[in-house]
Amino acid sequence: MSALTQSTPAAARSDAAPEKELRPPSYWPFVVPALVVVLAIIIFPWVFTIWMSLNEWKVGSPTSFVGFSNYLRLTSDPRFIEAIGHTLVYTALSVLLPLVLGTFAAVVFHQNFAGRGFLRGVFIMPMMATPVAIALVWTMMFHPQLGILNYLLSLVGIPAQLWVFHPATVIPSLVLVETWQWTPLVMLIVLGGLAAIPTEPYESAQIDGANLWQVFRFITLPLIMPFLFIAGMIRMIDAVKSFDIIFAITQGGPGSASETINIYLYSVAFTYYDLGYGSAIAVVFFLLIVLLAAVMLYARQRMLWTEIASGA
């Protein structure tokens with residue numbers, strides 16, 4: 001009797017086990033809405049863009065499948081090749097200058113002095129403004145006759161410049177605007193890294209008689225390098241796809257001297273209404289961004305393993 005009683009609960013558990021296995025997972029009601037949003041906002045637009053790039057599609061005309069003709073057309077398009085050069089130069093300068101100036105500002109604002117908090121607040125104000133408003137203000141400042149920049153240059157005896165109205169100076173002038181707006185972001189990121197550095201290495205360096213440059217070169221810079229990498233990655237992705245400031249100030253001019261890939265893509269798709277060719281440019285542009293990000297990640301990994309090897 002006792003054996004029968006003991007076997008009954010075991011049999012009941014074995015009967016209930018298959019029922020539990022057949023029960024549908026309870027998390028699906030929470031996953032499905034997220035999957036729908038991802039498919040609708042991310043996956044479908046990219047699939048549709050790739051499909052458009054394989055077709056000859058101009059507004060008002062029927063579509064026709066052309067395969068990779070739009071991509072082959074890019075290799076012989078002088079404006080696209082020129083736009084790649086403009087994009088790389090603009091991106092390199094827009095990353096390098098904010099990194100250098102932002103690091104310098106972070107080191108300065110990390111020191112203790114009167115009014116430091118107020119000056120920090122004033123310094124980060126440019127990144128709070130909207131890009132179009134910034135573009136309008138700088139357009140007036142760049143004016144060859146009425147702009148304040150040429151007036152300031154005249155005070156120190158420097159001749160007036162054409163700024164964004166000359167092909168040779170338009171990209172450096174646009175980089176000046178980009179640097180003014182986004183140097184505070186780099187400063188904030190590096191400032192967080194400086195706050196995380198312990199004081200012991202600085203105390204040891206002071207005992208050893210290291211000067212300010214040696215302290216920065218051998219202590220501060222290696223310890224904030226991960227933060228500089230993050231800031232550089234953010235600035236690279238943002239600068240390579242910059243559109244609003246360039247379009248609002250020059251619209252790619254004079255001529256095509258400041259026409260980046262983003263500006264050229266806009267012109268092809270929404271000025272000439274060649275949606276198929278514009279989609280091909282968009283796909284190649286996306287691959288370029290992925291390639292630049294991969295290069296930076298690879299460089300960071302090499303740097304990390306070098307640091308580990310030197311530490312060992």
Side-chain angles (χ1 to χ4, degrees), residues 89-131 133-134 137-138 141 149 171-242 244-245 292-293 295-304 306-308 310-311:
V89 172
Y90 180 84
T91 301
L93 294 176
S94 298
V95 172
L96 181 62
L97 291 179
L99 281 180
V100 174
L101 298 177
T103 302
F104 176 76
V107 172
V108 171
F109 285 120
H110 188 61
Q111 310 301 318
N112 291 320
F113 56 87
R116 181 181 67 170
F118 172 76
L119 293 177
R120 281 181 180 179
V122 173
F123 192 81
I124 66 174
M125 287 180 66
M127 60 181 290
M128 300 179 185
T130 58
I134 291 174
V137 172
W138 278 89
M141 294 172 62
L149 294 180
I171 289 183
S173 300
L174 293 172
V175 170
L176 176 63
V177 181
E178 190 85 4
T179 302
W180 176 81
Q181 184 181 11
W182 294 114
T183 295
L185 175 65
V186 177
M187 185 270 292
L188 290 176
I189 296 174
V190 177
L191 201 58
L194 291 173
I197 298 177
T199 60
E200 287 80 4
Y202 294 103
E203 295 172 354
S204 301
Q206 186 176 7
I207 293 174
D208 293 337
N211 56 37
L212 292 177
W213 169 247
Q214 291 172 331
V215 170
F216 176 79
R217 170 64 181 84
F218 296 104
I219 298 178
T220 304
L221 187 59
L223 292 177
I224 64 172
M225 193 60 69
F227 298 90
L228 288 175
F229 172 79
I230 294 173
M233 177 70 76
I234 294 174
R235 286 298 309 126
M236 186 273 295
I237 296 176
D238 186 65
V240 75
K241 62 184 182 66
S242 179
D244 37 24
I245 286 181
L292 291 176
V295 169
M296 292 196 67
L297 289 174
Y298 176 76
R300 174 54 187 162
Q301 285 298 113
R302 289 293 302 270
M303 186 185 306
L304 179 63
T306 303
E307 293 173 356
I308 293 175
S310 62

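For reference, positions follow the sequence shown, starting with 1. We use all heavy atoms of the structure for the numbers below, so side chains are in, but hydrogens, waters and symmetry mates are not.
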Engineer: Closest approach of Leu99 and Ala231, non-hydrogen atoms and distance?
Structural biologist: CD2-CB, 3.9 Å

Engineer: Under a 4.5 Å cut-off applied to non-hydrogen side-chain atoms, are Trp180 and Ile134 in contact?
Structural biologist: yes

Engineer: For Phe113 and Leu119, run side chain to side chain contact (heavy atoms under 4.5 Å, CB included): C-alpha distance rounded to whole Å, both residues' side-chain angles, the deciding distance at 0.1 Å, then the answer.
Structural biologist: CA-CA 10 Å; Phe113 56 87; Leu119 293 177; 3.8 Å; yes

Engineer: How close do Gln181 and Pro184 get, heavy atom to heavy atom, and via which atoms?
Structural biologist: O-CD, 3.5 Å

Engineer: Looking only at heavy atoms, what is the nearest atom pair of Val240 and Ile237, with distance?
Structural biologist: CG1-O, 3.4 Å

Engineer: Around Phe118, counting heavy atoms of other residues, nucleotides and ligands shown, do more than 12 lie under 6.0 Å from its CZ?
Structural biologist: no

Engineer: Considering only heavy atoms from C-beta outward, does the side chain of Phe216 approach that of Thr103 to under 4.5 Å?
Structural biologist: yes

Engineer: Would you say Asp238 and Leu185 make side-chain contact, with heavy atoms under 4.5 Å?
Structural biologist: no

Engineer: Please report the closest heavy-atom contact between Gly209 and Gln214, naming both atoms and the distance.
Structural biologist: O-OE1, 4.4 Å

Engineer: Ignoring hydrogens, what is the shortest heavy-atom contact between Arg300 and Phe229? Give both atom names and the distance.
Structural biologist: CB-CE1, 3.3 Å

Engineer: Distance from Leu194 atom CG to Phe109 atom CZ, nearest 0.5 Å?
Structural biologist: 12.5 Å

Engineer: Are Leu191 and Phe227 packed together at the side-chain level, in the sense that at least one heavy-atom pair is separated by less than 4.5 angstrom?
Structural biologist: no

Engineer: Starting at OH of Tyr90, measure out to CD1 of Ile245 and round the result to the nearest 0.5 Å.
Structural biologist: 6.0 Å

Engineer: Inspect the surroundings of CD in Gln206 and state if more than 12 heavy atoms from other residues, nucleotides or ligands are less than 6.0 Å away.
Structural biologist: no

Engineer: Do you know which two heavy atoms are closest between Leu97 and Thr179, and how far apart they sit?
Structural biologist: CB-OG1, 3.7 Å

Engineer: Nearest 0.5 Å please: distance from the NE2 atom of His110 over to the CZ atom of Arg120.
Structural biologist: 8.5 Å

Engineer: Given side chains that start at C-beta, do those of Leu221 and Leu228 come closer than 4.5 Å, heavy atoms only?
Structural biologist: yes

Engineer: Ignoring hydrogens and geometry, is there a side-chain-to-backbone donor-acceptor pair from Asn211 to Trp213 under 3.5 Å?
Structural biologist: yes

Engineer: How about OH on Tyr202, more than 12 heavy atoms from neighbouring residues, nucleotides or ligands closer than 6.0 Å, or not?
Structural biologist: yes

Engineer: Rounded at 0.5 Å granularity, tell me how far CG in Leu101 sits from CE in Met187.
Structural biologist: 12.0 Å

Engineer: Just by modelled atom types, is the Leu174 backbone N or O under 3.5 Å from a matching donor or acceptor in the Glu178 side chain?
Structural biologist: no

Engineer: Only one of Val95, Val89, Leu96 clears side chain to side chain contact (heavy atoms under 4.5 Å, CB included) with Leu93; which?
Structural biologist: Val89

Engineer: If you measure from CD1 on Ile224 to CD1 on Ile189, what distance do you get to the nearest 0.5 Å?
Structural biologist: 11.5 Å

Engineer: I need the Met296 CE to Ile230 CD1 distance, nearest 0.5 Å.
Structural biologist: 10.5 Å

